[in-house]
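The structure appears right after this line, and notes come after that.
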Number of protein chains: 2
Amino acid sequence: MMSVAKDSASEKRDTGTLGKLMVLLDLVTHAEGPMRFTDILAVADQPRGTLHRQLSHLVEEGLLEIDADGRYSPGFRLLDLASRSWARNEFRLVSEPHLKALQGLTGETVHLGVLRGTAIIYLDKVEGQQPVRMYSQIGNASPVYCTGVGKAALSILPRERVEALVADIVFHRFTANTHTAASLLAEIEDIRKQGYAFDREEHEVGIRCVAAPIWSENLSLVGGVSVTGPAYRLTMERLSEWSGPIQETAKRIMEAMRIGLGPRR
Amino acid sequence: MMSVAKDSASEKRDTGTLGKLMVLLDLVTHAEGPMRFTDILAVADQPRGTLHRQLSHLVEEGLLEIDADGRYSPGFRLLDLASRSWARNEFRLVSEPHLKALQGLTGETVHLGVLRGTAIIYLDKVEGQQPVRMYSQIGNASPVYCTGVGKAALSILPRERVEALVADIVFHRFTANTHTAASLLAEIEDIRKQGYAFDREEHEVGIRCVAAPIWSENLSLVGGVSVTGPAYRLTMERLSEWSGPIQETAKRIMEAMRIGLGPRR
DNA sequence: AATAAAGTTCCAAATAATAGAACACGCGAA
DNA sequence: TTCGCGTGTTCTATTATTTGGAACTTTATT
């Protein structure tokens, strides 16, 4: 049964059988921990028999695992797929040297992220000394509205697309500085003019960042670079000083991407 | 009575529509670089119209990306799914402190891996000083027959299951020491008695390791830990000395896993 | 042992996927 | 320009898969 049509924002995906399976996969991967059959049955809108077959298929393909107690968890196949995906990603490969250079210049942590839906997915992270915990950040999806990269990315989208996107967001107040829909839209306008964005402890108290947008001509790729660090070290003055270098880095990455694509076609 | 055993090699997966889509996903993620529609058409055994719809669905779900030139690459959604999967993985979480301890003791790189099909998927890696390149190893799938963890894992499977698995493998000769089916089966027997496995430069010249198996009672989880390093530093004598500690680490992880599951059920 | 809860299997009916052809599009050559 | 050709996209009757509901089996609880 169809409920009342959601307004504009509601993306209606028509991916048939795959779509239904992805809903389940999302359910399990977003859960706190392993889910039992009945747990899933309660939230997935499917008859028991159907759900059972769907889960079996996901398990057989390695996208889900089922333990001895019949609890479902994300499967190891996802790691394999993702590691290949990451290793070969052109955007990441092209950006890498530029991220390192920026890290060297600032001494702080540098991130590379792309926009997907209303989230920023981090593709790379370059830290200074201490060993990096793998997957600690890479692959992570963070909300657009409280990350520097997210706001920078939004700033290069056409206004109507930003509005449509913002309408889809459910705003969670992480800190006292976290944006609301209205304040976000307002700041995007400023960022559009400036060419760079700050995160003034909007996601986590004590964490600030500067970010610059990166985009392809047709906007099929929209993301950004950022320099992040603790507020006590990264004063707003210092962040401002870095707005130049970070925009420069973004520019170089875009040029490098075009070179990659340019000559051949 | 059971039906006649399927001939070892012929794993016929019956995952309907999902199975067909996963074949495509594998195709694209295993490729050298982005694939054009026609490239995929040539290898995927599907009519043009059908393939087109399947790819569209995968793109719409974010499992694949299509660039301006119509070339398909793995999608960012995979990273998101995998990062969650990794972050919450119980086996990895439980093992982490033990891996660190082993790293501290040996000073060399420690790996945690699980068996999936005929591959070992690395779940974690603990290195000494230098910053780790993310995803560099984690999520990677390596052949069972030329990794310490792989051989250790096989050694705890019942003989007939090992034989069935080995029949599925296509052996690639990476180094002069790489196993063949026969030599692998023979060594598995030894490892079974010993309780630990070596990799004597069987995957990469100049790289050796010791590994011990880790398994759950019902064998739903089979994997291992290993200590890896350059041959000039890791003499076979030294590796032998570490066979004790590494088995001890494996044992502690297995105990910790049981504690996790034990009391509640 | 009896009862309830959880999980699995089955099959006619509904729905989505398929195959094949026809339709667009871009591009280089005549 | 027009033609041909390689690519990619859309359409539709046919076919195969998925669905839903119930019956059935197994596992926990009283």
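The shown structure was predicted, so the numbers you read here are calculated from the model rather than taken from an experiment. Sequence lines set the chain letters: A, B, ... in the order given, protein chains first and strands last, and positions in each chain run from 1.
Residue B:Gln46 has a polar side-chain atom (N or O) positioned under 4.0 Å from OP1 or OP2 of C:dA19. Distances shorter than 4.0 Å separate some side-chain N or O of B:Thr17 from OP1 or OP2 on D:dT18. Taking only side-chain nitrogens and oxygens, A:His52 never comes nearer than 4.0 Å to OP1 or OP2 of C:dG7.
Between A:Ile40 atom CD1 and C:dA6 atom P there is a gap of 14 Å when expressed in whole angstrom units. Between the P atom of D:dT7 and the CZ atom of B:Arg71 lies a distance of 15 Å, rounded to the nearest Å. Atoms CG (B:Asp69) and C1' (C:dG26) sit 14 Å apart, rounded to a whole Å. When the C1' atom of C:dT18 is taken as reference, atom CG of B:Asp45 falls 13 Å away, rounded to whole Å. Distance B:Leu55 CG to D:dG8 P: 11 Å, rounded to the nearest Å. B:Lys20 has its NZ atom 11 Å from the C1' atom of D:dT18, to the nearest Å. Per the geometry, CE belonging to A:Met35 stands 15 Å off C1' belonging to C:dA6, to the nearest Å. One atom, CG of B:Leu51, and another, P of D:dT7, lie 14 Å apart when rounded to the nearest Å.
Scanning atom types as modelled, no donor and acceptor separated by under 3.5 angstrom connect the side chain of B:Arg48 and the base of C:dG20. Judged by distance alone, with hydrogens and angles left aside, B:Thr50 brings no side-chain donor or acceptor close enough to the base of C:dA17 to form a pair under 3.5 Å.
In terms of position along DNA chain C, the nucleotide closest to A:Gly49 lies nearer the 5' end than the nucleotide closest to the other residue of the pair A:Leu18 and A:Gly49.
Counting only heavy atoms from C-beta on, B:Arg53 has its side chain closest to C:dT18 among C:dA6, C:dT18, D:dT19. Distance from the side chain of B:Arg36 is smallest for D:dT7 among the nucleotides D:dT18, D:dT19, D:dT7. Of all nucleotides listed (C:dT8, D:dT9, D:dT19), D:dT9 comes nearest to the side chain of B:Phe37. Taking the side chain of B:Tyr72 as heavy atoms from C-beta on, and the options C:dG7, C:dT18, D:dT9, the nearest nucleotide is D:dT9.
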- Checking side-chain contact (heavy atoms from CB on, under 4.5 Å) for the pair B:Glu90/A:Arg71: CA distance, chi angles, key distance, verdict? CA-CA 12 Å; B:Glu90 190 188 356; A:Arg71 302 178 311 170; 4.2 Å; yes

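The aromatic rings of B:His111 and B:Tyr122 lie tilted to each other, with the angle between the two planes from 30° to 60°.
Remark: the B:Glu61 side chain and the A:Thr15 side chain contain an N/O donor-acceptor pair separated by less than 3.5 Å.
With contacts defined as side-chain heavy-atom distances shorter than 4.5 Å, the pair A:Leu25/A:Val28 does not qualify.
Summarising the local packing, CD of B:Glu217 is surrounded by 12 or fewer heavy atoms from other residues, nucleotides or ligands at distances under 6.0 Å.
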